[in-house]
Amino acid sequence: MKIEFENHIIEFNVQYGNRKKLSLHIDLLGLITVKVPKDTSEEMIKSAVGRHAKLILEKLHILAKARETPKPREYQDEGKFLYLGKEYFLHELIETRGLNEEELKKNLKKFYFSSCKKIVGERINGYQIQLRVKPKTVEVVESRTKWGSCSSDKKITFNYRLAMAPMEVIDYVIIHELCHLIHMNHDRSFWRRVGSIMPDYKEKQEFLTRYGHAMTL
């Protein structure tokens with residue numbers, strides 16, 4: 001959903017559930033989530049967000065500034081890191097007791113590598129069946145510039161930092177690379193094939209464009 005406030009468009013995700021009150025959360029990436037009781041009307045949701053619009057814009061501005069001049073990561077129990085699109089304290093992701101900063105960095109990277117391998121391994125098979133393709137190899141690597149790649153000899157790689165992204169964004173990258181097994185370029189046929197599996201793929205592209213720089217260690 002989205003609303004307009006003082007010439008600004010505020011976009012937000014809505015999660016319906018068995019709850020009594022509405023709550024609003026803005027994460028490290030500036031993604032806004034509104035959790036509401038399952039019978040809440042769209043009008044009520046937009047009205048509630050509108051009442052907090054000024055504060056929301058202020059928070060988004062602060063986050064944008066922080067992304068321009070990123071602070072050093074805090075490798076301690078209360079440091080926050082992204083996993084599957086949500087923020088977690090470091091101690092919720094890895095064991096932190098008795099480890100120095102260098103050891104914490106190393107173990108956190110290992111966590112993301114192993115998580116990415118597990119997630120990709122679980123998700124890729126279904127899409128292979130839908131697309132009727134099979135890569136020669138699938139690997140998780142470290143890359144500064146690419147979320148995924150597919151070589152002419154059908155070897156696919158995925159960036160370990162994908163484990164920081166929401167699951168649907170990971171799915172998009174998986175679909176994207178598998179479609180390169182059919183079309184090695186980005187012509188219309190390629191994008192039609194991607195869209196046949198994930199019609200809203202452009203939203204996932206936009207997510208990576210807007211927030212990919214924050215998905216790092």
D200 backbone acceptor or donor facing E203 side chain under 3.5 Å: no
Plane angle bin for H176 and H186 - parallel if under 30°, tilted between 30 and 60°, otherwise perpendicular: tilted
Test applied, side-chain contact (heavy atoms from CB on, under 4.5 Å); reference residue, I175; option that passes from R193, Q130, M198: M198
salt_bridge(E139, K117) N-O dist < 4.0 Å: no
Stepwise side chain to side chain contact (heavy atoms under 4.5 Å, CB included) test for F12 and L31: CA-CA 7 Å; F12 52 93; L31 294 174; over 6 Å; no
Plane angle bin for H183 and F190 - parallel if under 30°, tilted between 30 and 60°, otherwise perpendicular: perpendicular
Electrostatic pair E102-K106, nearest N-O below 4.0 angstrom: no
E122 side-chain N/O to I119 backbone N/O, donor-acceptor pair under 3.5 Å: no
E43 CD: over 12 foreign heavy atoms closer than 6.0 Å: no
Residues, nucleotides or ligands: over 12 heavy atoms within 6.0 Å of M44 CE: no
Charged N-O contact under 4.0 Å between R123 and D171: yes
Lys/Arg-Asp/Glu bridge criterion (N-O < 4.0 Å) met for E101, K105: yes
Ionic contact status for R97 with E95, cut-off 4.0 Å: yes
Distance, nearest 0.5 Å, that separates CG of L60 from CD of E11: 11.0 Å
Any side-chain donor near an acceptor of the partner, S47 and R51, under 3.5 Å: yes
Heavy-atom donor-acceptor pair, N159 side chain to K146 backbone, under 3.5 Å: yes
Side chain S114, main chain K110, donor-acceptor under 3.5 Å: yes
